[in-house]
Amino acid sequence: MHRSGLLRTPLALAFALATLIPIHALAAPPAAASSATLPSKQYRIQDFIDTVGVAGASFSADESRLLFSSNKSGIWNAYSMPAGGGEWTPVTRSTTDSTYAVAYFPHDDRVLFTRDQGGNELNHLYVIDRDGKERDLTPGDKLKAGFEGFSHDGKRFYVSSNERDPKVFDLYRYDAAHYTRELVYRNDGAYQLGPISPDGRWIALAKPTTTNDADLFVAELGSGKATKVSEHSGEALFAGQDFSPDSKWLYYTANDRGEFAELRRVEVNTWKHEPVQKTDWDITDNYFSHDGKYRVVAINQDGSTAIQLFDHASGKPVALPKLPAGEIRNVSISRSEKRMAFYLNGDRQPNDLYTLDFGGEAKQLTRSLNPAIAAADLVDSSVVRFNSFDGLAIPNILWKPHQASSQAKAPALVWVHGGPGGQTTRAHSAVIQYLANHGYVVLGINNRGSSGYGKTFFAADDGKHGREPLQDTLSAKKYLQSLDYVDPDRIGIIGGSYGGYMTVAALAFHPDEFKVGVDIFGVTNWLRTLESIPPYWESFRLALYKEIGDPATQRDFLIATSPLFHADKINKPLMVLQGANDPRVIKPESDEIVAAVRKNGVPVEYVVFDDEGHGFSKKKNQIEGYGKILNFLDTYLKGDGAPRTGQP
């Protein structure tokens, strides 16, 4: 999985260009496969995509049902099922636009959900009302809206919207019975909105100055007065996490005192700060159950997610259930605080939904892996590190095919995540497992500038894109060549969004290094991308300019680091995939690089999906796109360039 952050978190600056394709200390790469019988079968891309995606969990008012999202129909829709397991009931039936469940109402079974239009990211918030009909709660053109939570009593809910000013998100409070609303925070300061206190009096706000520096404020909704609570020297990221159940404290994370984000709290009105929790890795999330009985913490632990649960009153940890291999994620605790829902995810374990009655046993509600796939045929990832050209240790996630050995050397790919500032983590990835199943070694590089490895590492790519971070990918190639089961002459590079930029940059600036490149909606012209960013990125536009370059003052630098202006150097086969409605990396980016490289007389394959944006959410498009990636790699990386026949 690729981490791209949440919209409330300053690390979300790192970054809005992150790809939506899903995807431990110094560790040795995995040894050769112990059995020549694995994989027992090479599966089609349809088999991998027929694994059912599930996400989100909200308990109904009586806690008898769960609301969640799934792509079971081929397109994401909202579903419900009994909290103890059973048949799914479709809640939405979209056949065109991906639709995602938000929540049940606290006192009845009305449902909130969100969708955009063809991947354009202009999400609206909808309700399925008492009469069963859909209603748009945020009507209008060219606006973007999001759900910000229910009030503690459930009689109101909060919605962010940029309808007043496309550049900023204001906060509205809706009456849960009649949907009348009032503006409760006019965001004239272009802050990023954060958590709201249970008593409805306070909101946390973030103000980024760079991708490595963001201040934290607490504003009173009644007066709008904002108080800065993040005094510090140097660059540091502060992020509001949640208010205490009594609304007296804001819990927040900050990395001003070390490499990693620790958890503290600040008392509103007195502005007194207290430490809460510190680890050797970033604490990424902290939130409370409805009445504050439990506190949930998530830690980004060397490319894995570690969940901790605490009894808030005593501070004592609450034991989580012992489960099969995988990581607990996305914990959701019911309003009664008697039960929780969560997901289990691992390399060979796609997201499965579980419930747990506290004091009882966990119950698995879904079995997402396509039963046509034997889990043993999939591969476990490992965390490996290599030293880059300047000695900097680079962490990576490595997927080694079962069939690769020193006697049967395999082709390999350097997989570059989105961002800049994203992270490749250990998780189930249908496309990576598909490539590994067909004999490709995949190295998910966390090049300098990736999140999760300390603020110095995170800042190490600032103003250096196309240079030092790109050099890390060349060192990754050398690392792969050192593995006795990798064919040293058959190494390619692949990535989405910023990773797509790195892919095309590698082919343009180091044309003899990689045998092929696969660019998935990647930036190729920084001038255009930075000048055409959506207006609702205003809160971190200047931070983005400081990270990448300012088109008004650094034009020459951006031209020098944009592959489009150096496309005449590309002499290796290139594949490009693009969503026509992408608001982040617009289609002309891909159109122009394809046209420019085709002039060089090298093979270029271009795949465009008219109903997708920044990421391919529909199964039919995933089947086509990922299947074509394998065919391209089989032809130009594994093969001799002769066209392949048959179904991938």
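Here the structure is a predicted model, which is why all the values come from computation and not from measurement.
Within the model, atoms CD1 of Ile629 and NE2 of His438 stand 13.0 Å from one another, a figure rounded to the nearest 0.5 Å. Here the CZ atom belonging to Phe260 is positioned 9.5 Å from the OH atom belonging to Tyr453, to the nearest 0.5 angstrom. With rounding to the nearest 0.5 angstrom, the CD1 atom of Ile493 is 12.0 Å from the CH2 atom of Trp415. The distance from the CD atom of Gln241 to the OG1 atom of Thr253 is 4.0 Å, given to the nearest 0.5 Å. With rounding to the nearest 0.5 angstrom, the CD atom of Gln433 is 10.0 Å from the CG atom of Asp377. Separation of atoms CD1 (Ile283) and CG (Leu263) is listed at 5.0 Å; rounding is to 0.5 Å.
The aromatic rings of Phe358 and Tyr294 sit parallel to each other, their planes meeting at less than 30°, with 60° as the upper class boundary.
For the pair Lys400 and Tyr485, the cation-pi criterion (under 6.0 Å, within 45° of the ring axis) is fulfilled. Judged by a 6.0 Å distance limit and a 45° cone about the ring axis, Arg295 is positioned over the six-membered ring of Phe310.
For Tyr626 and Tyr434, the gap between ring centers reaches or exceeds 6.0 Å.
The shortest side-chain heavy-atom distance between Met575 and Asp519 does not fall under the 4.5 Å cut-off. By the 4.5 Å heavy-atom criterion applied to side chains, Leu633 and Val516 are counted as neighbours. Counting heavy atoms from C-beta outward, Thr305 and Asn345 have side chains that stay 4.5 Å or more apart. Side-chain contact between Thr114 and Phe147: absent, with no pair of heavy atoms (C-beta onward) separated by less than 4.5 Å. A 4.5 Å side-chain heavy-atom check between Ile397 and Ile432 finds every atom pair outside the cut-off. In this structure the side chain of Gln349 never reaches within 4.5 angstrom of the side chain of Glu327, judged on heavy atoms. Counting heavy atoms from C-beta on, the side chains of Phe342 and Pro321 come closer than 4.5 Å. Asn300 is not listed as a side-chain neighbour of Trp281, based on a closest heavy-atom distance of 4.5 Å or more.
Side-chain contact, Thr366 with Asp352: a donor N or O sits under 3.5 Å from an acceptor N or O. The closest side-chain donor-acceptor pair between Ser334 and Ser336 falls under 3.5 angstrom. Donor-acceptor pairing under 3.5 Å is lacking for the side chains of Ser368 and Asn351.
Environment of CG in Asp280: sparse, with no more than 12 heavy atoms of neighbouring residues, nucleotides or ligands closer than 6.0 Å. In the displayed structure, Arg130 atom CZ is contacted under 6.0 Å by more than 12 heavy atoms of other residues, nucleotides or ligands.
Glu337 meets the side chain to side chain donor-acceptor pair (under 3.5 Å) test with Ser289; sequence neighbours excluded. Partners of Phe68 by ring-ring contact (aromatic ring centres under 6.0 Å, His included), not counting sequence neighbours, listed by chain and number: Trp88. Among residues two or more places apart in sequence or in another chain, the salt bridge (charged side-chain N to carboxylate O under 4.0 Å, His left out) test is passed with Arg65 by none. Residues meeting the ring-ring contact (aromatic ring centres under 6.0 Å, His included) test with Phe105, sequence neighbours left out: Phe150, Phe157. Asn581 is linked by a side chain to side chain donor-acceptor pair (under 3.5 Å) to nothing, counting only residues two or more places apart in sequence or in another chain. Evaluation of the salt bridge (charged side-chain N to carboxylate O under 4.0 Å, His left out) rule for Asp610 yields no partner, not counting sequence neighbours. Trp76 meets the ring-ring contact (aromatic ring centres under 6.0 Å, His included) test with Tyr100; sequence neighbours excluded. Asn437 is linked by a side chain to side chain donor-acceptor pair (under 3.5 Å) to nothing, counting only residues two or more places apart in sequence or in another chain. Arg348 meets the salt bridge (charged side-chain N to carboxylate O under 4.0 Å, His left out) test with Asp380; sequence neighbours excluded. Shown here are the side chain to side chain donor-acceptor pair (under 3.5 Å) partners of Lys620, two or more places apart in sequence or in another chain: Asp611. Residues meeting the salt bridge (charged side-chain N to carboxylate O under 4.0 Å, His left out) test with Glu605, sequence neighbours left out: none.
The heavy-atom pair separating Ile328 from Val331 by the smallest distance is CG2-CG2, 3.9 Å. The nearest pair of heavy atoms linking Asp282 to Ala261 is OD1-N, 2.7 Å. Of all heavy-atom pairs spanning Ala341 and Leu353, the tightest one is CB-CD1, 4.3 Å. In terms of heavy atoms, Ala78 sits closest to Thr92 at N-OG1, 2.9 Å. Residues Asp109 and Ala61 approach most closely at OD1-N, 3.7 Å, considering heavy atoms. Taking both residues in full, the closest heavy atoms of Pro401 and Gly439 are given as CG-C, 3.7 Å, listed atom of the first, atom of the second, then distance.
Put simply, the side chain of His402 never gets that close to the backbone of Pro39: no donor and acceptor are under 3.5 Å apart. Remark: side-chain polar atoms of Lys638 are not paired, donor with acceptor, to backbone N or O of Pro411 under 3.5 angstrom. Proximity of a side-chain donor or acceptor of Ser69 to a complementary backbone N or O of Ala101 within less than 3.5 Å is detected. Checking side-chain atoms of Ser405 against main-chain N and O of Ala408 turns up a donor-acceptor pair under 3.5 Å. Tyr498 contributes no side-chain N or O that, together with a main-chain N or O of Val416, makes up a donor-acceptor pair within less than 3.5 Å. With hydrogens and angles disregarded, a donor-acceptor distance shorter than 3.5 Å links the side chain of Glu612 to the backbone of Lys618.
Salt bridge Arg584/Glu121: present, at least one basic N to carboxylate O contact under 4.0 Å. Using a 4.0 Å cut-off between charged nitrogen and carboxylate oxygen, Arg110 and Asp108 count as a salt-bridge pair.
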Inset, instruction - Could you walk me through whether Gln622 and Phe48 pass side chain to side chain contact (heavy atoms under 4.5 Å, CB included), step by step? - result: CA-CA 10 Å; Gln622 294 171 349; Phe48 283 94; over 6 Å; no

Legend entry - Worked verdict on Asn446 versus His417 for side chain to side chain contact (heavy atoms under 4.5 Å, CB included): CA-CA 7 Å; Asn446 284 311; His417 60 66; 3.2 Å; yes

Legend entry - Evaluation steps, side chain to side chain contact (heavy atoms under 4.5 Å, CB included), between Asn447 and Ile445: CA-CA 6 Å; Asn447 50 274; Ile445 182 175; 4.1 Å; yes

Inset, instruction - Test Tyr354 against Leu356 for side chain to side chain contact (heavy atoms under 4.5 Å, CB included), laying out the working first. - result: CA-CA 7 Å; Tyr354 285 71; Leu356 171 72; over 6 Å; no

Solution key, residues 52-59 side-chain donor-acceptor pairs under 3.5 Å, sequence neighbours excluded:
unit_1, atom_1, unit_2, atom_2, d
Ser58, OG, Tyr104, N, 3.0

